[in-house]
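The structure appears right after this line, and notes come after that.
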Amino acid sequence: MVICKPGREPLPEPDHAGTLDLDFQPAELNVFYIVDIEAERHNKKQKQRNVTTKIPVNEISQFLSYILERRKLVKIINKRENLLEKKKNQHKLRIKGIQNKDLLKSNQNYLKKQAKKNLTEEGDQLFKMGIRILQQSKSQKQKAQAYTLFAKAADMGNLKAMEKMADALLFGNFGMQNITAAIQLYESLAKEGSYKAQNALGFLSSYGIGMEYNQAKALIYYTFGSAGGSMMSQMILGYRYLSGINVLQNCEAALYHYKKVADYIADKLEKSEGIPVEKVRLTERPENLSSNSEILDWDIYQYYKFLAERGDVHIQVSLGQLHLIGRKGLDQDYYKALYYFLKAAKAGSANAMALIGKMYLEGNDAAPQNNATAYKYFSMAANKGNAIGLHGLGLLYFYGKGVPVNYAEALKYFQKAAEKGWPNAQFQLGFMYYSGSGVWKDYKLAFRYFYLASQSGQPLAIYYLAEMYATGTGVLRSCRTAVEKRLELLKKRRCIQWHYYCGIELPFKDIHLARRLYDMAAQTSPDAHMPVFFALMKLETVHLFRDILFLNHFTVRWIKLDDALGPYWDYFAMGLIVAVLIYLLRNRYG
């Protein structure tokens, strides 16, 4: 080891024997001594400093116990907080579980509702398809196809389809006759609120068909049917009260029920037809077009198309009208109607001009609603003195369509058209005086114009005449006359047919029942004698063919005579029978 001092040489190292070299000055020893003393003093001061900063033991223990207590308290608090948090989480999970369960249930309900909605929509589509096929059907095969769709729709819960199937079961359409099943279906439908089912059950109860003959029960069914909106039930109740059938005869009650039906028809006329323009009578020259036959033979239609293309204006107007309203087996086709009307108008037909104006006034696919175009064509027809054109202009001014409302102008055009005998114009004049639209109310003039229009069968004119008699407005009140007017309106709208009191047409599968109903119809009204006579002639002819030609000991084969002998075989057979009767009578009294 070398010990040195500043400014001095290093001290000698010990020799290998472990001794020092003592060849140095004594003063150097004093230096080392001083250094040692200083070091000792420093250590002593350090010890004193440590003693003065020392903390008492009791304070440390108190501090430690405080820390321990605090740590215990913190642990307890943390434990409690953890427990609360755990409970909170469990609560959340429980709520979440409930929510999930509710959500699952909600989803299941939604899926059920969606499935039911899809099923309902599919049933509606099938029913509509069946109706479309049935309306366009020209063969039994197509009708059977329609009823197949009805059966599928009924299986999906479609009430209207179920009503169709109940009718088919009752009357044996396409070999499905099962009166018991029909009644069960009607009763199920009645619980669902079907007024048609109520009406059918009333009919079956009143005649004792498949169920107990009970007029009181029938009256209840008809009452519920009428309350549900069945116009047929309303008419039956009106007739029963008018004639006193199983109820006390009461004209006022009959008027009440007939008024319901009349109001429904009048409302439908005013809304669906909008501005009433009476159908132009078909030209008298082509007999097949102006006849009352329901279906126009296809070959004859093709022949008239040929004449129309060759320039026959009367045929053009007639074919246009048939396509406009969809008559005689022809589809309603606005494009074809407009095509024929334009050809006829170009050739100078005032009727065609007026009908084009009507198409544009009402609006359709081929002629979108356009008041200006309607005014143009009505004016063209009116300038030729056409009553429909004059009436059309009056309507435009009366309702303010394309022109400002001007009752004076409307009155002028209505009067001109009425002078030409146009019943709709006569009705419109009556309505103006009845309601006081642009003129002073004058019930006598209103009655006069309504009466003139009613003579041509204008349905709304008949309706307002009935209202006037029912309320005693402008005339002496007469319940009986009001009822008669209501009935006249129903007949004009083809609401009453002699086989229609039952609600649906009988297909003569039950010949004895058909005879019974026809006899009742003949007793109901003197006007029914002639149609009932011819109907019974046809019925007896059918019975004759059935008993003689198609009966054997084991089975009864029902042959579709329309398909086998043509659509008019019944007229031929009746004519033959009448001819034989005349021949026999001549020989007897000759």
Side-chain angles (χ1 to χ4, degrees), residues 121 124-138 142 146 149 160 267-283 289 294-296 298 301-302 304-309 311-382 386 388-389 391-396 398-403 424 459 493:
E121 289 177 353
D124 291 342
Q125 290 176 358
L126 288 172
F127 176 75
K128 289 176 182 177
M129 286 173 60
I131 289 293
R132 198 178 302 116
I133 292 173
L134 193 63
Q135 289 174 342
Q136 299 174 355
S137 63
K138 296 180 181 178
Q142 288 178 315
L149 293 174
K160 292 182 179 179
D267 184 64
K268 191 175 180 181
L269 282 171
E270 291 172 346
K271 286 183 179 179
S272 64
E273 295 184 6
I275 301 169
V277 177
E278 190 171 285
K279 300 167 185 174
V280 180
R281 290 185 179 180
L282 296 172
T283 176
L289 288 179
E294 290 297 325
I295 304 296
L296 184 66
W298 183 250
Y301 172 67
Q302 294 297 327
Y304 287 133
K305 277 182 64 177
F306 171 76
L307 292 179
E309 294 298 332
D312 191 312
V313 176
H314 294 290
I315 297 293
Q316 289 168 350
V317 174
S318 298
L319 287 179
Q321 187 183 351
L322 289 177
H323 282 296
L324 178 63
I325 58 181
R327 284 186 61 195
K328 296 189 178 295
L330 299 182
D331 294 333
Q332 188 177 43
D333 191 324
Y334 294 119
Y335 290 98
K336 288 182 179 178
L338 185 61
Y339 169 77
Y340 286 119
F341 288 150
L342 286 171
K343 288 180 76 71
K346 189 175 181 180
S349 170
N351 273 346
M353 296 171 188
L355 288 170
I356 293 172
K358 176 183 185 293
M359 290 184 72
Y360 278 103
L361 178 61
E362 295 176 351
N364 53 64
D365 294 338
Q369 205 285 327
N370 191 311
N371 293 325
T373 307
Y375 184 88
K376 170 188 170 183
Y377 281 101
F378 280 142
S379 298
M380 290 168 62
N386 182 270
I388 305 175
H391 175 249
L393 288 176
L395 290 172
L396 293 176
F398 185 82
Y399 291 103
K401 291 185 173 289
V403 292
N424 278 346
R493 301 306 300 174

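Quick caveat, the model's predicted, so the values are computed rather than measured. Numbers here simply count residues along the sequence, with the first being 1.
- Between the CE atom of M380 and the NZ atom of K376 there is a distance of 6.5 Å, given to the nearest 0.5 Å.
- Here the options are K343, M359, H323, the test is side-chain contact (heavy atoms from CB on, under 4.5 Å), and the partner is L338; only M359 passes.
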| Between T373 and Y377, is a side-chain contact (heavy atoms from CB on, under 4.5 Å) present by the stated rule, with each step listed? | CA-CA 6 Å; T373 307; Y377 281 101; 3.7 Å; yes

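- Note: Q125 CD to L149 CG = 11.5 Å, rounded to the nearest 0.5 Å.
- Taking each heavy atom of A308 and Q316 in turn, the nearest pair found is O-NE2, 2.9 Å.
- The distance from the CG atom of N386 to the OG atom of S349 is 8.0 Å, given to the nearest 0.5 Å.
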| task | With side-chain contact (heavy atoms from CB on, under 4.5 Å) as the test, would you mind laying out the steps for E309 and Y340 before giving the verdict? | result | CA-CA 9 Å; E309 294 298 332; Y340 286 119; 4.2 Å; yes

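- L319 contributes atom CG, which lies 9.0 Å from atom NZ of K305 (distance to the nearest 0.5 angstrom).
- The two atoms that bring L361 and F378 nearest to each other are CD2-CE1, 3.9 Å, heavy atoms only.
- Considering every non-hydrogen atom in both A345 and A352, the closest pair reads N-CB, 3.6 Å.
- A distance of 9.5 Å separates NZ in K346 from CG in L342, rounded to the nearest 0.5 Å.
- In this structure, the side-chain contact (heavy atoms from CB on, under 4.5 Å) partners of F306, at least two apart in sequence or on a different chain, are R310.
- In terms of heavy atoms, G320 sits closest to A337 at O-CB, 3.3 Å.
- Closest approach of N370 to A372, counting heavy atoms only: OD1-N, 3.1 Å.
- Note that the CG atom of D124 and the CD atom of E121 stand 7.5 Å from one another [nearest 0.5 Å].
- Judged by distance alone, the side chain of Q369 and the main-chain N or O of E362 form no donor-acceptor pair under 3.5 Å.
- Nearest approach of L324 to Q332, heavy atoms of both residues: O-NE2, 3.0 Å.
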